[in-house]
There are 2 protein chains.
Amino acid sequence: MKQITIKDVAEAAGVSKATASRVLSGHPATSPEARKAVEAAAGRLGFRPNAQARSLRNTRTQTIGLLLPDVRNPFFGDLAHAVEQRARSFGYMTLFGNANENVEQQDEYIDVMLSQRVDGVIAAPQGDGGNLSQLLRSGVPVVFVDRVLDSIKVPSVSPDNSTGIHDAVKHLTARGHRRIGYIAGPQSTSTGRERLRSYKEALAATGADTDADLIFLGDFQAASGAEGARTLLDLANPPTALLAADSLMSIGAVGVCNERGIAIGTDLAFVAHDDIDAFTLINPPLTVIAHDIDAMGRLAVDMLMSVIGGGSPASHTIPGRLIVRGSTPEFEKERQS
Amino acid sequence: MKQITIKDVAEAAGVSKATASRVLSGHPATSPEARKAVEAAAGRLGFRPNAQARSLRNTRTQTIGLLLPDVRNPFFGDLAHAVEQRARSFGYMTLFGNANENVEQQDEYIDVMLSQRVDGVIAAPQGDGGNLSQLLRSGVPVVFVDRVLDSIKVPSVSPDNSTGIHDAVKHLTARGHRRIGYIAGPQSTSTGRERLRSYKEALAATGADTDADLIFLGDFQAASGAEGARTLLDLANPPTALLAADSLMSIGAVGVCNERGIAIGTDLAFVAHDDIDAFTLINPPLTVIAHDIDAMGRLAVDMLMSVIGGGSPASHTIPGRLIVRGSTPEFEKERQS
DNA sequence: CATACTCGTGGAATCGATTCCATGGAATCG
DNA sequence: CGATTCCATGGAATCGATTCCACGAGTATG
């Protein structure tokens, strides 16, 4: 099937390509008659401008790239939705790249995005080598979201990884817990590092137990959350409370508790990360450390638009908030029962 | 920052644009020296071919469009992931469009995808008017997934909406339930219609109660699942079992049960749709009607590739399977307790 | 009435990569 | 050794939309 080009429209309207183009792109120097004829012809023929040809001439593609570790992670799913909707409101399409927590796939997608000449990239970066450095050197506007690379100065939107965890530990110690197990994220990510640091600081501040045994290093995937829960619950002197550094690991850990018949909220206190729908369905619903994902996505897009416009916006932090629900009971109560 | 073009590479390598292009696209008629020089120059300069220019000349863009109702729905999130990974294995990028269960946004995305000259589209369609008909008339290869439009003959991958529901109803009646409430999907979608029909057939076949009251018409969103649960549980003669037609409505309904202190698996039997991680975390885990989402995504891509290659693959149905878990107890047991 | 201006318009150049076609040198054949 | 084939190569055309430039018609100003 032959595609309709602007030349076809011009001929049908009895004008030149130049005039047709001017009418269709809203250039002011056009006569009412020409405008009418061209618009009629374009509508009748069902003309759709070829975006390739257009963005070859202009340098703009009206497309941004979004590079995420995994869309199936509810956190990134929500983030993707927020970014996409916001970008749309600016007239930009979003090209998703799913790195699958895998540096090679990330490299591939960076490659494609650069080839597609996206106008900007929003990324939750993994590692700091490979094509990532090429992306940064290429001059394409970049904003980091969720994660940051210390070595690289790029505007970013990141969660506050301190307040929520401090509040959670304070909350747990206030309820009598002294042995708080922590399922940490990978130390190769800023989020993983900062959250672990905050956990350690909070333990020190509250005087809770600081055994190295209470820390399990996971990788932000469900399976490692499960492994972490098993390891920590199998300790000779197991924790009475668990804290997990992201939603997927929380899911894995909760699964293990169910498997073993450990009643969360009765036998064990549990604090998860991210305010995911599913966590409110669990009985009792989980106490979580939440961040406003929608705001993160919107802000990331706004900042990217600013960078594209030549600005250099300051980095932002999205506050973390502890939402107390039924999964974090008093420790005393447990003993008495 | 100036972009590197093939002309720069050619000059650096001391050959013409034509030769440089031949080397880079693997054309056989190139000398070893030219190949070496061009590859070295391209690597040194960090050359990335401009995809716009390339696909302006060829007609191929190596991009497919994926049009979904909502990425935040875990079902479509998983489907998006499956499609994207499979497309990647064929060397295609995936351009996501999130219609937000909204015909206007769908129209907008169809517009953009046609402008971007995607090589094909995989869609879970809404309505049958607007740009959807233009998309079909445009000659761009299209495959439908999850939903089908009766009026339009397009290869499709759809879930088997019969077996799972029949099995579920049989399972529930075998366990003594006679009043089975159904939270239906929108009747504007094939999936919604077929599942409701199967439910009715299954009731008739098993001799369970067929009050019209037992059916609530929802819209596949969480809020309507909640409303459905409230409506059905408030009946003078409420159902002892609930069946919901998709995962989001299931989430809404489970939320209402928790709110009201109705213990699923004890006070009420519940069957959800889709085998979502979160459903296994609920205590007891939910009995579900599951489809192999990964297979659906893969098959949709394979079929699209076939259509792009000039074939006309037959439509496929992905079997539905009842997975019995703790949420569907014996009715007798309930009474006795 | 002549000059200066505005305004709509069409022709032609442009963006970057690919590819057809012509060319010249090397290799192969009779 | 001359003729033919083969092959690497460069020049030029091409894809479709935009935009610079020049032109002619119409209007305003001195």
By ring-ring contact (aromatic ring centres under 6.0 Å, His included), which residues pair with A:Phe47, not counting sequence neighbours?
none
Students often get this wrong, so: under 4.0 angstrom with heavy atoms, is A:Ser21 touching a base, only sugar-phosphate, or nothing?
base
Spell out yes or no: do the side chain of B:Arg57 and the base of D:dT14 have one donor N/O and one acceptor N/O closer than 3.5 Å?
yes
Of the candidates C:dG8, D:dA17, C:dC15, the side chain of A:Leu56 sits closest to C:dC15
Between the side chains of A:Gln62 and A:Arg54, does any donor sit under 3.5 Å from an acceptor?
no
Expressed in angstrom and rounded to an integer, what is the separation of A:His27 atom NE2 from D:dC20 atom P?
9 Å
When you match B:Arg48 and A:Lys17 each to their closest nucleotide on DNA chain C, which lands nearer the 5' end?
A:Lys17
Using whole Å, what does the distance between atom C1' of nucleotide C:dA17 and atom CD of A:Gln116 come to?
14 Å
Whole-Å distance separating the CG atom of B:Asn50 from the C1' atom of C:dC15
8 Å
Determine the contact category for B:Ala20: base if any of its heavy atoms lies under 4.0 Å from a base atom, sugar-phosphate if only primed atoms, P, OP1 or OP2 are that close, otherwise nothing.
nothing
Within the 3.5 Å criterion, strictly below it, is a donor on A:Thr30 or A:Arg35 matched to an acceptor on the partner's side chain?
yes
Using whole Å, what does the distance between atom C1' of nucleotide D:dT19 and atom CZ of A:Arg54 come to?
14 Å
Nearest-nucleotide 5' precedence on DNA chain C, A:Ser16 against A:Ala53
A:Ser16
Among side-chain atoms of B:Gln126 and B:Gln105, is any donor-acceptor pair under 3.5 angstrom?
no
Under 4.0 Å between a side-chain nitrogen and a carboxylate oxygen: does that hold for B:Asp294 and B:Arg298?
yes
OP1 or OP2 of D:dT9 sitting under 4.0 Å from any side-chain N/O of B:Ser31?
yes
What I want to check is whether an N or O donor and acceptor connect the side chain of B:Arg22 with the base of D:dG10 at under 3.5 Å.
yes
A:Ile6 CD1 to C:dG10 C1': how many Å, rounded?
13 Å
So, does B:Thr19 get its side chain near the phosphate of D:dG10, meaning an N or O under 4.0 Å from OP1 or OP2?
yes
